[in-house]
S.K.: 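Got a structure here, written out as structure tokens. Questions coming.
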Number of protein chains: 2
Amino acid sequence: MSATRAKSVPDRRRAILDAAVKVFARQGFHACRVSDIADEAGVAYGLLYHYFPSKDDVLSTLFLERWGVMLEMIRAVDREPLPAREKLTAIASFIVDSYRHDPDLMKVIIVEVTRAANSFGQTHLAQIRQAYTLIAAIVTKAQQEGVFKAEIDAEFAAMTFYGAIEQVLTGWIFGLLPQGDDHFERAKQMVVETVCGGLECAVTPSKT
Amino acid sequence: MSATRAKSVPDRRRAILDAAVKVFARQGFHACRVSDIADEAGVAYGLLYHYFPSKDDVLSTLFLERWGVMLEMIRAVDREPLPAREKLTAIASFIVDSYRHDPDLMKVIIVEVTRAANSFGQTHLAQIRQAYTLIAAIVTKAQQEGVFKAEIDAEFAAMTFYGAIEQVLTGWIFGLLPQGDDHFERAKQMVVETVCGGLECAVTPSKT
DNA sequence: TCGCTGGTTGACTGACCAGTCAATCTATGC
DNA sequence: GCATAGATTGACTGGTCAGTCAACCAGCGA
């Protein structure tokens, strides 16, 4: 009865983080007030400063928490003896599933951190870069094995691959692409098929 | 002697816009003050409000000006009787050259508008969407001609293609990818080759 | 020379909001 | 029952900054 009592020991810190995700996603980091987060969490204004040194730090925490999980996941996949295409599929799946599981959180990470070259992007550049580097390593290995073309820089390919995924998420975030479980599954396949196999038909169709 | 006299009739409005590009690129839209723009332009604070109704409107003007040129360019390319791959190359070239010509402006457009799903991105969603739609139309046509695979949604392919380019620009903006005329030229080729031809080698190499 | 128009100036205002802090509450140990 | 530590509260402060506005000025026509 002492462990994890439902109401008696509420995790305020977690409540604040969850509320911040909602508020940041709805209003944007710059446009929202700290009091909006506190209200959403059902908590007094000052309590946020008991758990976090600043508003910025709340966003940083959200980002680092999630990004760390992703980096670990990429490293784990890379350790497996899988073909490059399947490694990339696993990464795409993870990111898409992250969005499916918590679209608000992914929206915040992409819009407020990953794609914000000024302010936050700058601060977390090292973390962001690691993802690109890990993907590039997968491409390099595939090139050495002769599975991927050598004439496309691995770093460049990594940017292309990641950029394609992030743009698809952005499409969902903006409401420009249709969402739903089946669309999410198709997206995983299509992004990998596009980047690995290309849009062009393998052989010129002799459809005569 | 009356037309375009160098110093006597300075275009303050243009000076303000150019200064805004520099300041937005350096400090970010939210982080900078209107006085920073005025200072950079060598103009009094109040003059900005003589030419623009608000700080927001300055950014909107910069975006709409440039984005309009790009949309017109895509439409023009699409009118030409070119193969899809060359159309995409032309679009990639235009965007890369835009960055080469004025990296600060492209940084501002991408970071503050295109990738800002909240705030500005929302306002100009219709404009942004048009670019995707035009690219998707090119893909659809290529699919009907049997040049591009039919199993990848055209809208999806458009997002992938545009996302790849934007991510490369972001790489330059963040200082994650090497810059320079030769890198820019290679980038044009590589992004199209990746998306159209794919990363994988056409035939499994029998390199035994 | 005078006055008008429109460009130009920058001090000022009003609103907003991140972060502080002293007071209050709650739980736990003795 | 009491004391202590940590959690919780929310009114308040200090600083910032977008946007205003009354005054000033330059050019030009009469």
Side-chain angles (χ1 to χ4, degrees), chain A residues 1-24 26-63 108 112-113 116 118-120 123, chain B residues 1-24 26-63 108 112-113 116 118-120 123:
Chain A
M1 232 240 223
S2 62
T4 61
R5 278 186 295 176
K7 278 282 161 59
S8 50
V9 186
D11 186 348
R12 310 295 208 170
R13 197 185 122 95
R14 192 72 249 165
I16 290 169
L17 286 172
D18 291 345
V21 168
K22 275 191 195 168
V23 174
F24 290 161
R26 194 194 313 134
Q27 303 171 235
F29 178 77
H30 291 288
C32 84
R33 287 162 292 174
V34 170
S35 65
D36 293 332
I37 302 173
D39 290 352
E40 179 75 38
V43 140
Y45 184 91
L47 193 61
L48 190 141
Y49 290 93
H50 180 71
Y51 290 108
F52 303 94
S54 68
K55 184 187 179 190
D56 284 19
D57 194 72
V58 177
L59 178 54
S60 281
T61 302
L62 289 171
F63 168 72
V108 169
E112 307 293 351
V113 186
N118 303 307
S119 64
F120 266 91
T123 315
Chain B
M1 236 245 222
S2 62
T4 61
R5 276 186 295 175
K7 280 281 161 61
S8 49
V9 186
D11 185 348
R12 309 295 209 172
R13 196 185 122 95
R14 193 72 251 166
I16 290 168
L17 286 172
D18 292 345
V21 168
K22 276 191 196 170
V23 174
F24 290 163
R26 195 195 311 135
Q27 304 171 234
F29 178 77
H30 292 286
C32 84
R33 288 163 291 175
V34 171
S35 64
D36 293 332
I37 303 172
D39 290 352
E40 179 74 38
V43 142
Y45 184 91
L47 193 62
L48 190 142
Y49 289 92
H50 180 71
Y51 289 107
F52 303 94
S54 68
K55 185 188 177 189
D56 284 19
D57 194 73
V58 176
L59 178 54
S60 283
T61 303
L62 289 171
F63 168 73
V108 169
E112 307 292 351
V113 186
N118 301 309
S119 64
F120 266 92
T123 317

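Throughout, a chain's letter reflects where its sequence line sits, starting with A, and its residues are numbered from 1.
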S.K.: Applying salt bridge (charged side-chain N to carboxylate O under 4.0 Å, His left out), name anything that partners A:Lys55, two or more places apart in sequence or on another chain.
M.R.: none
S.K.: If you compare every side-chain N and O of A:Arg12 against the phosphate oxygens of D:dT8 (OP1, OP2), does one of them come in below 4.0 Å?
M.R.: yes
S.K.: Any chance you could lay out the side-chain contact (heavy atoms from CB on, under 4.5 Å) test for B:Lys22 and B:Asp18, step after step, and finish with the verdict?
M.R.: CA-CA 7 Å; B:Lys22 276 191 196 170; B:Asp18 292 345; over 6 Å; no
S.K.: Could you grab the distance from atom OG1 of A:Thr123 to atom CZ of A:Phe63, nearest 0.5 Å is fine?
M.R.: 10.0 Å
S.K.: Could you list by number each residue of residues 13-21 of chain B showing a heavy-atom separation from DNA chain D of less than 4.0 Å, or answer none if no residue does?
M.R.: none
S.K.: I need the CZ-C1' distance between B:Phe52 and C:dG7, as an integer number of Å.
M.R.: 15 Å
S.K.: Would you be so kind as to tabulate the donor-acceptor pairs closer than 3.5 Å made by side chains of residues 34-50 of chain A, with sequence neighbours excluded?
M.R.:
| unit_1 | atom_1 | unit_2 | atom_2 | d |
| --- | --- | --- | --- | --- |
| A:Asp36 | OD2 | A:Gln27 | NE2 | 3.2 |
| A:Asp36 | OD2 | A:Arg33 | N | 2.9 |
| A:Glu40 | OE1 | A:Arg26 | NH2 | 2.8 |

S.K.: Give each protein N/O atom lying under 3.5 Å from an N/O atom of nucleotides 4-6 of chain D, with the pair distance.
M.R.:
none

S.K.: Taking the minimum atom-to-atom distance to the side chain of B:Tyr51, which one of D:dT9, C:dG10, C:dG7 wins?
M.R.: C:dG7
S.K.: How would you list, by chain and number, every residue that makes a ring-ring contact (aromatic ring centres under 6.0 Å, His included) with B:Phe52, sequence neighbours excluded?
M.R.: none
S.K.: Tell me the salt bridge (Lys or Arg N to Asp or Glu O under 4.0 Å) pairs involving residues 42-52 of chain A, sequence neighbours left out?
M.R.: none
S.K.: Using the C1' atoms of the five pairs at each end, what is the angle between the end axes of the helix from C:dT1-D:dA30 to C:dC30-D:dG1, to 10°?
M.R.: 10°
S.K.: Can you tell me how far P of D:dG10 sits from CG of A:Leu48, to the nearest Å?
M.R.: 14 Å
S.K.: What integer distance in Å separates A:Leu47:CG from D:dA7:C1'?
M.R.: 7 Å
S.K.: So if I define the base as every atom that isn't primed, P, OP1 or OP2, how would nucleotides 12-26 of chain D read as a B/S/- string at a heavy-atom cutoff under 4.0 Å?
M.R.: -----SBBB------
S.K.: How would you list, by chain and number, every residue that makes a ring-ring contact (aromatic ring centres under 6.0 Å, His included) with A:Phe24, sequence neighbours excluded?
M.R.: A:Phe29
